[in-house]
Amino acid sequence: MRYQEALEIATANLLSLRGHTIDVLTVSRPRDIQGAIELSKIVSKLSPIIGNLLEYAITRHLNEAGTWEENYQWIRQDPGFPDLILNGIPDIQPGIEIKTWFPLSTEITARFRDSQTHFSANQVKVVIVCWMLEYILAGQPKIVDIWVGDAIEIAKTRDNHYHNPPSYVVMEPEDTRLRTRNLQQTNCHGYKFQGTVEQFNQAMLLVQDWGHQGQQYRPDPDYQKRIRQLTGSFPYRLDTNFAKVDRISLPSLETFKANILNSIHTGRSIQSWIKAIKSHDSRVLQQLIDPSV
């Protein structure tokens, strides 16, 4: 089995989890309106826990559902990138990076910083698992929908979205392949220009000297050398919000988000639940306490 075939099988198995409730923990129903309000404030804190539990459950599901050869096994890496790898493949090792999204909490806050140079073989899939509790504020986690994309496409879309020198630059990590694994760097970083108008004009002249394609992002060493010269000559600051998956404007992901918010879950659209819970709508919260209301 080639790694591309393995990823196709894994993708199909992952998508089969849509609509499934995952028996990893259960949240009890609130007893009154105030309890529902308090629970709505803290239920998002379950996200990291459920995210990790879902990774375990997905790993188990892939191993049980796939028609894998005897020596093939999906293994969860913690820590490590990607989250899951398939051991036993004879050539390039396929992987799956899992991001979870709880819509009642916030936007998709997951970040994807890894350099596009690591995905030249298109051997990694990124999976976004949207989950809700069965009864909005209670019950077990239920997988609402799943989005699967190529890591290389996400990385390229991210870099092209952010990179706009001299206003904003994306910088590749240093070559750390000779270091031990725990010291190797694979993440890109984004930097915002912080100089004066005069400095910006000078920086623009430098960028213009790069040629008509000088503002087009490239991960190769020659172009990265120019970026480092630019950031070394003018003031820049590290952008801590760089690489949020929700902000890279990938069309298929934007469609996925819109479909999630408009989808019906326990009688209402998820967007409607978000608004009602944020406004502490007592009539809606009462329905979460007593479904017969």
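Heads up: numbering here begins at 1 and tracks the sequence.
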Quiz item: If you take all heavy atoms of S269 and I264, which pair is closest and at what distance?
Solution: N-CD1, 3.6 Å
Quiz item: Is it true that Y223 and H163 have ring centroids separated by less than 6.0 Å?
Solution: yes
Quiz item: Without hydrogens or angle criteria, can the side chains of Q140 and T26 be said to hold a donor-acceptor pair below 3.5 Å?
Solution: yes
Quiz prompt | Candidate pair L104 and S44, rule side chain to side chain contact (heavy atoms under 4.5 Å, CB included), full reasoning | solution = CA-CA 7 Å; L104 288 189; S44 64; over 6 Å; no
Self-check item: Side-chain donor or acceptor of Q224 paired with backbone N/O of R218 under 3.5 Å
Solution: yes
Quiz item: Should I136 and V43 count as side-chain neighbours, where that means a heavy-atom distance under 4.5 Å?
Solution: no
Self-check item: Rounded distance [0.5 Å steps], CZ in R226 versus CG in D222
Solution: 7.0 Å
Quiz item: Just wondering, do I9 and L62 contact through their side chains at under 4.5 Å, heavy atoms?
Solution: no
Quiz item: Is it true that F200 and F193 have ring centroids separated by less than 6.0 Å?
Solution: yes
Practice problem: Considering non-hydrogen atoms only, spot the tightest contact between S249 and E254 and give its length. | Solution: CA-OE2, 4.0 Å
Quiz item: Who pairs with D246 by side chain to side chain donor-acceptor pair (under 3.5 Å), at least two apart in sequence or on another chain?
Solution: K257
Self-check item: Side-chain donor-acceptor contact under 3.5 Å, Q4 with N122
Solution: no
Quiz item: At what distance, to the nearest 0.5 angstrom, does CD1 of I146 lie from CH2 of W101?
Solution: 13.5 Å
Quiz item: Considering residues at least two apart in sequence or located in another chain, which fulfil the salt bridge (Lys or Arg N to Asp or Glu O under 4.0 Å) criterion with R60?
Solution: none
Quiz item: Mind checking whether W68 and W74 have parallel, tilted or perpendicular rings, split at 30° and 60°?
Solution: perpendicular
Quiz item: What is the distance from atom CD1 of I108 to atom CH2 of W147, rounded to the nearest 0.5 Å?
Solution: 9.0 Å
Quiz item: Among the clusters formed by ILVMFWY side chains lying less than 4.5 Å apart, do F81 and I75 turn up in the same one?
Solution: no
Quiz item: Taking K244 for the side chain and A110 for the main chain, is one N or O donor matched with an acceptor at less than 3.5 Å?
Solution: no
Quiz prompt | Close side-chain approach of I96 and V124, heavy atoms under 4.5 Å | solution = no
Exercise. Quick one: closest heavy-atom pair of P141 and L133, and the distance?
Key: N-CD2, 4.0 Å
Quiz prompt | Pairwise distance SG(C188) to CD(E172) - rounded to 0.5 angstrom | solution = 4.0 Å
Exercise. May I ask you to check whether R237 and Y191 show a side-chain donor-acceptor distance below 3.5 Å?
Key: no
Practice problem: Check the pair V129, V144 against side chain to side chain contact (heavy atoms under 4.5 Å, CB included), reporting the backbone distance first and the verdict last. | Solution: CA-CA 8 Å; V129 180; V144 178; over 6 Å; no
Quiz prompt | Closest non-hydrogen atom pair, P82 against Q77 | solution = O-NE2, 2.6 Å
Self-check item: Nearest heavy-atom neighbours spanning W131 and I50
Solution: CH2-CD1, 3.3 Å
Practice problem: May I ask you to decide if P166's main-chain N or O and Y236's side chain share a donor-acceptor pair within less than 3.5 Å? | Solution: yes
Exercise. May I have all residue pairs that pass salt bridge (Lys or Arg N to Asp or Glu O under 4.0 Å) and include part of residues 83-96, sequence neighbours excluded?
Key: R2-D91
Quiz item: How far does NZ of K156 sit from OH of Y217, to the nearest 0.5 angstrom?
Solution: 12.0 Å
Quiz item: Y162 and R247: which non-hydrogen atoms are nearest, and at how many Å?
Solution: OH-CB, 4.1 Å
Self-check item: Partners passing salt bridge (Lys or Arg N to Asp or Glu O under 4.0 Å) against R268 (at least two apart in sequence or in another chain)
Solution: none
Quiz item: Is there a donor-acceptor pair closer than 3.5 Å between any side-chain N or O of H61 and the backbone N or O of L14?
Solution: no
Quiz item: Quick one: are K192 and S167 in side-chain contact, heavy atoms under 4.5 Å?
Solution: no
Quiz item: Do we see a donor-acceptor contact under 3.5 Å between the side chains of Q73 and N87?
Solution: no
Quiz item: Checking R113 side chain against H189 main chain: does a donor-acceptor pair fall under 3.5 Å?
Solution: no
Quiz item: Does some side-chain heavy atom of W273 sit less than 4.5 Å from a side-chain heavy atom of V284?
Solution: yes
Quiz item: Do F102 and M132 have side-chain heavy atoms sitting under 4.5 Å apart?
Solution: yes
Quiz item: Is a donor on one side and an acceptor on the other found under 3.5 Å between the side chain of D281 and the backbone of I277?
Solution: no
Quiz prompt | Pair I128-L253, side chain to side chain contact (heavy atoms under 4.5 Å, CB included): steps then yes or no | solution = CA-CA 9 Å; I128 295 180; L253 186 53; 3.6 Å; yes
Practice problem: State which residues pass salt bridge (Lys or Arg N to Asp or Glu O under 4.0 Å) with D114; sequence neighbours excluded, sorted by chain then number. | Solution: none
Quiz item: For the atom pair CD1 (I270) and OG (S263), what is the distance rounded to the nearest 0.5 Å?
Solution: 3.5 Å
Practice problem: Report yes or no: is the cationic atom of R29 (NZ for Lys, CZ for Arg) under 6.0 Å from the centre of the six-membered ring of Y135, at an angle within 45° of the ring normal? | Solution: yes
Quiz item: What residue pairs, at least two apart or across chains, pass salt bridge (Lys or Arg N to Asp or Glu O under 4.0 Å) with a residue in residues 33-49?
Solution: E38-K41
Exercise. Answer with yes or no whether the side chains of N52 and R76 bring together a donor and an acceptor at under 3.5 Å.
Key: yes
Quiz item: Salt-bridged, E134 to K142, with N to O below 4.0 Å?
Solution: no
